[in-house]
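Written out below as structure tokens is the structure these notes cover.
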Amino acid sequence: MSGKIDWYLEFVDLGYKPAKDDLVCLFYFEPEKGISAKEAAGRIASESSTGTWTTLFKLPPRMKKLQATAFEINGNHVKIAYPKGLWEEGNAVQLLSGIAGNIFGMKALKNLRLIDAALPHDYIRHFKGPHHGIDGVRRMMKVAKRPLTGAVPKPKIGFSAAEHAQIGFETWMGGFDFVKDDENLTSLAFNRFDERVRLMSRLRDKAEGLTGERKGAFLNITADTETMKKRADLLHDNGWNYCMIDVVVAGTASVMTMRDYCSDLGLAIHAHRAMHAAFGRNPKHGITMQFLAKIMRLIGVTSLHSGTAVGKLVGSRRDVTAVADVLREAKTNELQGTLLGQDWGRIKPAFPVSSGGLHPGLVPDVVDIYGDEMILLVSGGIHGHPKGTRAGAKATMQALEAAMEGEALADKARRHPELHEALEKWGYMKTK
Ligand code: CAP
Ligand code: MG
């Protein structure tokens, strides 16, 4: 063999200062044996931008300007800058094909994790973000300050539309704002979407009449995009202002289409993240939840599941806080090895959603982590209340009130039998 085989090191320049409109990514990486950190960094930059595995016979001069540059290597972390010309305006799917694509399969790397991407103003300005945002939802639901609350009928799936709507009614009557479909409930033989919408609409009107409060729902429209459009139409025609999509399994392309479609109908999108843990759970490989949250806010969901830290599903307090910051803040500062600085410009904030294994005894912990600006979903933890769903929802609202006022749950429970019974059953246990 003669001549140079590859040109990976041309994608590394430790003296490079990113331009204002460069998109910068932070990766965790572990090279395979025999590969230096510098070569590994060059390979990541190359495969995610303009490179290939070998030197080429001819390169038009433009290529140099389009290639990515690994400019900071710090132990197992590398920062890579991408020139703006690499990315199509307003196409988040194309961005993922680059910075979250082939690179995860490279043999030269043992592990690779996309931690965060700092999106420059010039990139963000081609996206609309959430249609409603946090303030829009608060206005819509007429709830000014406290966390919004919701529950999924449990067991997850199997109720008829009529049973489902009745449980929803009990949930609303207990003081909750939203009734949510589970991620695997769409339109099934025993519970068709149309029928569920019809019955839920009737009972929503009844609950609103009886309570004088606004009542909403996250009805799951997940399907192929054309079917989702029809389901969104039906929600709009029945006076709903929210829909739900399983955004990871549905895919960014369909979420982008649905964002536009739903905003024409005045519908906010509630995003369930089922499947995220397949690529987010391993701390050394895959894609972080906070990066997923960033993409979802960018393409316009209004609320996104973000974990509990104390409930049944994975996610530490630090993870959960990072995701909440990405969704809610107008600007985030760099946090060494964890987050990159981000200025969201005119993109609205989205609600983080705390869900999974919660019950009234855990509400103060969740409020301590998230503060008021969240949607709190307590499902098994209301339907499993010894006096049933309505009492469970009441107990949760009492726990929320106590947490916001800084009162101990045990004290509050002395005056509120629903909370008292919830604490008798579950205490303050952290679920698994
Ligand atoms: C919660 C939930 C949600 C999870 C998803 C469930 O129910 O509806 O799907 O919260 O996880 O089916 O488990 P429970 P995450 O309150 O009864 O646990 O929110 O972390 O994405
Ligand atoms: Mg669920």
Side-chain angles (χ1 to χ4, degrees), residues 1-89 91-120 122-123 252 279-280 282-288 290-292 294-295 334 337 339-340:
M1 282 194 289
S2 67
K4 217 166 101 183
I5 299 269
D6 67 60
W7 45 307
Y8 295 123
L9 292 179
E10 290 182 30
F11 290 79
V12 182
D13 177 358
L14 299 179
Y16 179 77
K17 294 259 172 299
K20 203 160 157 266
D21 53 12
D22 279 356
L23 186 149
V24 173
C25 287
L26 172 66
F27 293 96
Y28 170 89
F29 72 110
E30 289 176 9
E32 262 306 346
K33 264 198 212 88
I35 307 272
S36 71
K38 212 166 164 185
E39 181 183 336
R43 282 174 182 257
I44 302 165
S46 157
E47 189 61 38
S48 55
S49 64
T50 58
T52 184
W53 62 275
T54 187
T55 50
L56 298 167
F57 175 64
K58 201 170 158 194
L59 278 182
R62 182 188 328 106
M63 290 297 171
K64 215 46 207 157
K65 287 206 192 102
L66 282 176
Q67 77 184 53
T69 307
F71 66 94
E72 193 181 301
I73 301 175
N74 188 357
N76 290 99
H77 289 98
V78 58
K79 280 188 195 164
I80 298 179
Y82 296 86
K84 77 169 187 178
L86 276 175
W87 310 119
E88 181 183 342
E89 303 85 349
N91 186 349
V93 185
Q94 186 256 351
L95 175 67
L96 296 182
S97 300
I99 63 173
N102 290 358
I103 48 177
F104 292 114
M106 291 194 302
K107 282 185 183 168
L109 301 175
K110 221 180 329 185
N111 282 302
L112 178 68
R113 186 161 169 85
L114 172 56
I115 299 175
D116 198 5
L119 310 174
D122 196 65
Y123 186 75
T252 31
F279 54 80
N282 179 343
K284 295 182 168 182
H285 190 83
I287 300 172
T288 58
Q290 76 225 17
F291 175 74
L292 178 68
K294 184 169 272 189
I295 291 294
E334 177 154 7
L339 274 181
L340 295 171

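Heavy atoms only: backbone and side chains are in, while hydrogens, waters and symmetry mates are out. Here, residue 1 is the first one in the sequence, and each next residue gets the next number.
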- prompt: Would you say the side chain of Leu95 lies within less than 4.5 Å of the side chain of Thr252, judging by non-hydrogen atoms?
  reply: no

- request: Please report the closest heavy-atom contact between Ala81 and Tyr16, naming both atoms and the distance.
  value: CB-CE2, 3.7 Å

task: Decide yes or no on side chain to side chain contact (heavy atoms under 4.5 Å, CB included) for Asp116 and Lys294, but give the supporting numbers first.
output: CA-CA 8 Å; Asp116 198 5; Lys294 184 169 272 189; 3.1 Å; yes

Gap separating the OH atom of Tyr82 from the OG1 atom of Thr69, nearest 0.5 angstrom: 10.0 Å

message: Restricting to non-hydrogen atoms, name the atom on His77 and the atom on Gly337 that form the minimum distance, rounded to 0.1 Å.
response: NE2-O, 3.8 Å

query: Can you tell me how far CD of Glu72 sits from NZ of Lys17, rounded to the nearest 0.5 angstrom?
result: 9.0 Å

- prompt: Please walk me through it: do Trp87 and Asp122 pass side chain to side chain contact (heavy atoms under 4.5 Å, CB included)?
  reply: CA-CA 11 Å; Trp87 310 119; Asp122 196 65; over 6 Å; no

message: Please report the interatomic distance CG(Leu86) to CD(Gln94), rounded to the nearest 0.5 Å.
response: 8.0 Å

query: Has the side chain of Thr288 got a donor or acceptor atom that lies under 3.5 Å from a matching backbone atom of Ile115?
result: yes

Between side-chain atoms of residues 25-42 and protein atoms elsewhere (two or more places apart, or another chain), which donor-acceptor pairs fall under 3.5 Å?
{"unit_1": "Tyr28", "atom_1": "OH", "unit_2": "Glu30", "atom_2": "OE2", "d": "2.4"}
{"unit_1": "Glu30", "atom_1": "OE1", "unit_2": "Asn111", "atom_2": "ND2", "d": "2.9"}
{"unit_1": "Ser36", "atom_1": "OG", "unit_2": "Glu39", "atom_2": "N", "d": "3.0"}
{"unit_1": "Glu39", "atom_1": "OE2", "unit_2": "Arg43", "atom_2": "NE", "d": "2.8"}
{"unit_1": "Glu39", "atom_1": "OE2", "unit_2": "Arg43", "atom_2": "NH2", "d": "2.8"}

Side-chain heavy atoms of Ile44 within contact of Phe11, under 4.5 Å: no

statement: Heavy-atom nearest pair, Ile287 first then Ala100, reads CD1-CB, 3.9 Å

message: Keeping Glu10 on the side-chain end and Ser46 on the backbone end, is there a donor-acceptor pair under 3.5 Å?
response: no

- request: Would you please name every residue forming a ring-ring contact (aromatic ring centres under 6.0 Å, His included) with Phe104, sequence neighbours left out?
  value: His285

message: Measuring from atom CG of Leu23 to atom OG of Ser49, what distance do you get when rounded to the nearest 0.5 angstrom?
response: 12.0 Å

statement: In short, Glu47 meets Ile103 closest at the heavy-atom pair CB-CG2, 3.8 Å

statement: In terms of heavy-atom contacts, Ala92 and Tyr123 come closest through CA-OH, 3.9 Å

field: For the student: nearest non-hydrogen atoms of Arg113 and Gly280, plus distance
entry: NH2-O, 3.0 Å

message: If I take atom CD1 from residue Ile99 and atom CZ from residue Phe291, how far apart are they, to the nearest 0.5 angstrom?
response: 4.0 Å

Spacing of CG belonging to Leu119 relative to CD1 belonging to Ile295, to within rounding of 0.5 Å: 6.0 Å

